[in-house]
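Working notes, beginning with the structure itself.
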Amino acid sequence: MFRARILAVAPLALVLLALSGCSVWDCADTTAKRGKADVRVQVVNTDGRPLGVTAAVVDWRLEPHPQVPSEGDRVHFRFRFDGAEHSARVLDACAVDKKRVALGCQKVYSSQAFGPADDPLTGDDWLAVEHPEQVAGVLLIPNDQSYDGRTCEVDPKDGGGMHPPETPNRGDQL
C-alpha cells in the first residue's frame, strides 16, 4: 500500500519540480560565436542581433605609458561608441599583427567614452603587448560582453543559456 502511494505521487512531484524550474538536468551553457573583428563594428548581443550601437577605433599609436614610461612602448588607442549614451556596452579590443593574430586584448567600456569636450563619445586606453613593433592595428570584437549570466555550475536552477564568447587570447586568429 505504501509503495503504491509513492508510485502514485512520484510523477506529480516530478511535474511540480519541472514547473518550478528546479530541473537541474535541463541546465545548459552555450557560448555565442565570436563576431568578425574590425576597426568599426555594429555591437551585437549573444544571439548575433545588432543592439543599435556602433563602436570604432579612432586611432592608435605606440608610445610609453605616462605612468610607467620605463616599461617601453604600449599601444595607446582611442575608440568611439555611437548609440550607447543610455546603455553600458563592453567590447574586447585587440592589438593585432599583419595577419590579424591577437598580440594582446582587453575589454573597453562605453562608459570610458566620455572624451574631451570636442568629442564626448570617445575614450582611450592602453594595451600592453610583448612585441609592440609587430602591431599593425587595433580591432574590436562586436560581441557585447556587458551581460554574462550565471553558469549552470554556479547556479543549476537559474543559470545556463547563451554567454558571450571568451576574450581572445594572445595568438588567436581574428
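Basis for what follows: all heavy atoms, side chains included, without hydrogens, waters or symmetry-related copies.
Two residues are said to be in side-chain contact when any heavy atoms from C-beta on lie closer than 4.5 Å; V129 and V135 meet this criterion. Taking 4.5 Å as the limit, every side-chain heavy atom of L127 sits out of range of all side-chain heavy atoms of R74. The shortest distance between side-chain heavy atoms of R89 and Q145 does not fall below 4.5 Å. Here the side chains of L140 and V41 are in contact, with some heavy-atom distance below 4.5 Å. Side-chain contact check for V43 versus P50: every heavy-atom pair is 4.5 Å or farther apart.
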For the pair D158 and R150, evaluate side chain to side chain contact (heavy atoms under 4.5 Å, CB included) and give the outcome as yes or no after the intermediate values. CA-CA 8 Å; D158 297 321; R150 295 175 289 200; 3.8 Å; yes
Salt bridge (Lys or Arg N to Asp or Glu O under 4.0 Å), that's the test. Do E166 and R34 meet it? Break it down for me. CA-CA 8 Å; E166 295 291 323; R34 183 183 297 154; over 6 Å; no
Stepwise salt bridge (Lys or Arg N to Asp or Glu O under 4.0 Å) test for D82 and R80: CA-CA 7 Å; D82 288 306; R80 179 180 174 91; 3.0 Å; yes
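Among pairs with a residue in residues 63-109, those fulfilling disulfide bond (SG atoms under 2.5 Å apart) read C94-C105, at least two apart in sequence or across chains. Residue pairs meeting the salt bridge (Lys or Arg N to Asp or Glu O under 4.0 Å) criterion with at least one partner in residues 91-106, sequence neighbours excluded, are D92-K107. Among pairs with a residue in residues 42-82, none fulfils disulfide bond (SG atoms under 2.5 Å apart), at least two apart in sequence or across chains.
Pairing each heavy atom of C152 with each of G160, the nearest pair is SG-CA, 3.6 Å. Closest non-hydrogen pair, G159 versus C27, comes out as O-SG, 3.6 Å. A pairwise comparison of heavy atoms in S87 and S110 identifies O-OG, 3.4 Å as the closest pair.
Judged purely by atom type and a 3.5 angstrom limit, D172 uses its side chain to pair as donor or acceptor with the backbone of N169. In this structure a side-chain-to-backbone donor-acceptor pair under 3.5 Å is present from N143 to G35.
Taking OG1 of T30 as the start and CE of M162 as the end, the distance is 4.0 Å to the nearest 0.5 Å. Considering NE2 of H76 and CG of D125, their distance stands at 8.0 Å, rounded to 0.5 Å. Atom CD of E130 and atom CG of L103 lie 9.5 Å apart (nearest 0.5 Å).
At a threshold of 4.5 Å between side-chain heavy atoms, the hydrophobic network of Ile, Leu, Val, Met, Phe, Trp and Tyr places L62 and V108 in one connected group. Following chains of ILVMFWY side-chain contacts shorter than 4.5 Å, one can reach W60 starting from L139, so the two form part of one hydrophobic cluster. A continuous path of ILVMFWY side-chain contacts below 4.5 Å connects V53 to V39, so both sit in one hydrophobic cluster. Linking ILVMFWY side-chain heavy atoms closer than 4.5 Å, directly or via other members, places V75 and V68 in two distinct hydrophobic clusters. Y109 and V44 fall into different hydrophobic clusters, where Ile, Leu, Val, Met, Phe, Trp and Tyr are joined by side-chain heavy atoms under 4.5 Å apart, directly or via other members.
Annotation for Q173: atom CD counts as buried by contact number, over 12 foreign heavy atoms lying within 6.0 Å. Enclosure of atom CD in E133 by more than 12 non-hydrogen atoms of other residues, nucleotides or ligands within 6.0 angstrom is indicated.
Between D38 and R40 there is no salt bridge, since no side-chain nitrogen of the basic residue lies less than 4.0 Å from a carboxylate oxygen of the acidic one.
By the salt bridge (charged side-chain N to carboxylate O under 4.0 Å, His left out) test, D59 is found to be paired with R78, residues two or more places apart in sequence or in another chain being considered. F77 meets the ring-ring contact (aromatic ring centres under 6.0 Å, His included) test with F79; sequence neighbours excluded. H65 is linked by a ring-ring contact (aromatic ring centres under 6.0 Å, His included) to W126, counting only residues two or more places apart in sequence or in another chain.
Applying the side chain to side chain contact (heavy atoms under 4.5 Å, CB included) test between F81 and each of T54, L91, L121 identifies L91 as the sole match.
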